[in-house]
Amino acid sequence: IYFFGTIHDLVDVELYNRLSKTFRIVFIGEVTDKVKNIIADDVETRPETIQEKLAEQLKDADIIGLFYKKNAYTKGVIPAKIFESLATGKPVLASGIEPDPVYSEHIYHFDGTEQKALEIIENLPRTETPEKIKSRQAAAAQADWQKRFEYFRSVIFSENKDLSKFSVLMSVYEGDRTDYFREAMNSIINQTAKPDEIVLVKDGPLGQDLEMAVNEYKQKIGGILKVIELKENKGLGAALAEGIKNCTFDVVARMDADD
């Protein structure tokens with residue numbers, strides 16, 4: 001079972017450790033200080049490699065394992081390495097990340113327990129068919145950035161699109177730093193090309209300082225700031241999905257609260 005990329009505290013190292021008693025586990029990538037002392041001796045670690053050489057190293061893998069700890073961050077994003085993993089044609093097991101409606105059929109999602117991982121692996125001889133492997137590789141090919149660019153271009157420049165105005169979409173949650181949030185907001189309103197609206201999603205209750213900062217910008221920039229409030233923290237992906245429903249214009253620029 002191979003994992004590639006930075007091995008940090010969001011990676012479920014403990015699950016890899018437990019599985020290393022039964023399978024050969026290989027980490028390819030930088031190991032951060034937070035986890036380097038908890039990786040089991042049975043786990044093989046290799047230094048990070050350039051993209052062109054990664055495919056060669058992954059040839060020996062039987063399974064690509066993407067095991068993460070479930071939290072607000074992994075709830076809102078999918079790792080870009082999913083597409084590289086699918087492109088290998090190998091079975092991809094994932095835990096701790098939200099199943100994506102487009103790619104979930106190509107990935108074996110499970111609850112992060114060792115028992116469930118073992119069940120899936122045991123059934124792979126029956127579930128892994130030539131058709132399933134081809135389907136995974138085809139899904140990865142469709143994620144090619146050139147194809148994505150062409151799609152975005154066709155949407156943006158299609159007929160009946162008003163490109164003269166645009167929205168900025170940003171989400172903020174209680175874990176964001178108030179000083180970073182202020183810098184991000186100031187960056188938006190001081191741009192040469194100023195947005196026609198800013199859609200700010202409050203992803204659950206905010207702390208007092210962040211709440212005060214949001215209210216200050218409401219007073220400062222007035223009507224162009226549209227604040228959407230979620231009663232509880234939903235994670236970045238869900239917050240942005242709600243925010244984009246409230247964007248008025250066809251062109252939406254994404255901004256993070258710590259940029």
Q.
What verdict does the salt bridge (Lys or Arg N to Asp or Glu O under 4.0 Å) test give for Glu128 and Arg136, after you've listed the backbone C-alpha separation in whole Å, the side-chain angles of each residue and the deciding distance to 0.1 Å?
A. CA-CA 11 Å; Glu128 282 295 287; Arg136 268 200 301 268; 2.5 Å; yes
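- For the residue pair Phe166 and Ala253, the shortest heavy atom distance occurs at CD1-CB, 4.3 Å.
- Geometrically, Lys226 does not engage Phe249 in a cation-pi contact, judged by NZ or CZ lying under 6.0 Å from the ring centre and within 45° of the ring axis.
- Aromatic rings from Tyr16 and Phe67 are positioned such that their centres are separated by under 6.0 Å.
- For the pair Val92/Ile82, no side-chain contact is recorded, criterion being any heavy-atom separation below 4.5 Å from C-beta on.
- In this structure, CG on Leu19 lies 9.0 Å from CG on Leu93, to the nearest 0.5 angstrom.
- In this structure, the side chains of Val201 and Leu169 come closer than 4.5 Å at one or more pairs of heavy atoms.
- In this structure, the side chain of Lys90 engages the main chain of Ala61 through a donor-acceptor pair within 3.5 Å.
- Smallest separation of non-hydrogen atoms from Ser20 and Val43: CB-CG2, 3.9 Å.
- Side-chain polar atoms of Tyr2 and Thr88 form no donor-acceptor pair below 3.5 angstrom.
- Under the 4.0 Å criterion applied to side-chain N and carboxylate O atoms, Arg182 and Asp179 are not assigned as salt-bridge partners.
- In this structure a side-chain-to-backbone donor-acceptor pair under 3.5 Å is present from Asp176 to Tyr173.
- Checking side-chain atoms of Tyr103 against main-chain N and O of Ala140 turns up no donor-acceptor pair under 3.5 Å.
- Connection of Met212 to Val214 is not established within any shared hydrophobic cluster, with ILVMFWY side chains joined at heavy-atom distances below 4.5 Å, either directly or through further cluster members.
- Within the 3.5 Å criterion, the main-chain N or O of Val172 finds no donor-acceptor partner in the side chain of Asp203.
- Of all non-hydrogen atoms in Pro195 and Ile224, the two that sit nearest each other are O-CD1, 4.3 Å.
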query = Between Glu119 and Lys116, is a side chain to side chain contact (heavy atoms under 4.5 Å, CB included) present by the stated rule, with each step listed?
reply = CA-CA 5 Å; Glu119 288 178 10; Lys116 192 61 180 178; 3.5 Å; yes
Practice item. Determine, step by step, whether Tyr217 and Asn186 satisfy the side chain to side chain contact (heavy atoms under 4.5 Å, CB included) criterion, reporting the C-alpha distance in whole Å, the side-chain angles of both residues, the deciding distance to 0.1 Å, and the verdict. Key: CA-CA 9 Å; Tyr217 282 100; Asn186 290 336; 2.8 Å; yes
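- Counting all heavy atoms, side chain and backbone alike, Ser95 lies closest to Leu15 at OG-CD2, 4.1 Å.
- With a 6.0 Å radius and a threshold of 12 heavy atoms from other residues, nucleotides or ligands, Asp41 has its CG atom at or below the threshold.
- Residue Cys247 comes nearest to Val199 through the heavy atom pair SG-CG2, 3.9 Å, listed as atom of the first residue, atom of the second, then distance.
- In this structure the side chain of Tyr68 reaches within 4.5 angstrom of the side chain of Val11, judged on heavy atoms.
- If you take CD1 on Ile28 and CD on Gln57, they are separated by 4.5 Å, rounding to the nearest 0.5 Å.
- For Lys81, the NZ atom counts as densely surrounded, since its 6.0 Å shell holds more than 12 non-hydrogen atoms of other residues, nucleotides or ligands.
- A salt bridge between Lys234 and Glu232 is present, with a side-chain N of the basic residue lying under 4.0 Å from a carboxylate O of the acidic one.
- How far CG of Leu225 is from NZ of Lys220: 12.0 Å, rounded to the nearest 0.5 Å.
- Without hydrogens or angle criteria, Ser167 side chain to Ile198 main chain gives no donor-acceptor distance under 3.5 Å.
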Practice problem: Would you sort out whether Thr127 and Tyr108 count as a side chain to side chain contact (heavy atoms under 4.5 Å, CB included), showing the intermediate values? | Solution: CA-CA 10 Å; Thr127 57; Tyr108 296 93; 3.1 Å; yes
For a quick test of your reading: what N or O donor-acceptor pairs under 3.5 Å do the side chains of residues 47-56 make, sequence neighbours left out?
residue, atom, partner, partner atom, Å
Gln51, NE2, Glu84, OE2, 2.4
Glu56, OE1, Lys59, NZ, 3.3

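- Between the side chain of Glu197 and the backbone N or O of Thr248 there is at least one donor-acceptor pair closer than 3.5 Å.
- Rounded to the nearest 0.5 Å, atoms CG (Leu86) and OG (Ser135) are 9.0 Å apart.
- Glu174 is not listed as a side-chain neighbour of Asn233, based on a closest heavy-atom distance of 4.5 Å or more.
- The backbone N or O of Ser187 lies less than 3.5 Å from a partner atom in the side chain of Gln191, making a donor-acceptor pair.
- Heavy-atom neighbours of Leu124 CG from other residues, nucleotides or ligands within 6.0 Å: above the threshold of 12.
- In this structure, the side chain of Asn17 engages the main chain of Ala40 through a donor-acceptor pair within 3.5 Å.
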Step by step, work out the side chain to side chain contact (heavy atoms under 4.5 Å, CB included) result for Val26 and Arg46.
CA-CA 7 Å; Val26 178; Arg46 300 179 185 175; 3.7 Å; yes
Take Glu131 and Lys134 through the salt bridge (Lys or Arg N to Asp or Glu O under 4.0 Å) test and state the conclusion after the steps. CA-CA 5 Å; Glu131 292 76 19; Lys134 288 180 181 178; over 6 Å; no
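- Here the straight-line distance linking atom CG of Leu118 with atom OG1 of Thr22 works out to 6.0 Å at 0.5 Å rounding.
- Side-chain atoms of Phe23 and Ile121, non-hydrogen and from C-beta on, do get closer than 4.5 Å to each other.
- No donor-acceptor pair closer than 3.5 Å links the side chain of Lys69 to the backbone N or O of Leu10.
- Separation of atoms NZ (Lys70) and CD (Glu98) is listed at 4.5 Å; rounding is to 0.5 Å.
- In summary, Lys34 and Asp9 engage in a salt bridge, as defined by a charged side-chain N under 4.0 Å from a carboxylate O.
- Listed by chain and residue number, nothing satisfies the side-chain hydrogen bond (donor to acceptor under 3.5 Å, both in side chains) test with Tyr151 (two or more places apart in sequence, or in another chain).
- Counting only heavy atoms from C-beta outward, the side chains of Phe181 and Leu206 never approach each other to under 4.5 Å.
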(request) Could you please spell out the steps behind the salt bridge (Lys or Arg N to Asp or Glu O under 4.0 Å) verdict for Glu242 and Lys245? (result) CA-CA 5 Å; Glu242 190 62 35; Lys245 295 176 187 176; 3.5 Å; yes
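- Across Ala184 and Asp256, no two heavy atoms sit closer than the pair CB-O, 3.6 Å.
- In the hydrophobic clustering of this structure, Leu58 does not group with Ile133; members are Ile, Leu, Val, Met, Phe, Trp, Tyr whose side-chain heavy atoms approach within less than 4.5 Å, directly or through other members.
- Under the 4.5 Å side-chain heavy-atom criterion for grouping Ile, Leu, Val, Met, Phe, Trp and Tyr, Tyr180 is not connected to Leu210 through any hydrophobic cluster.
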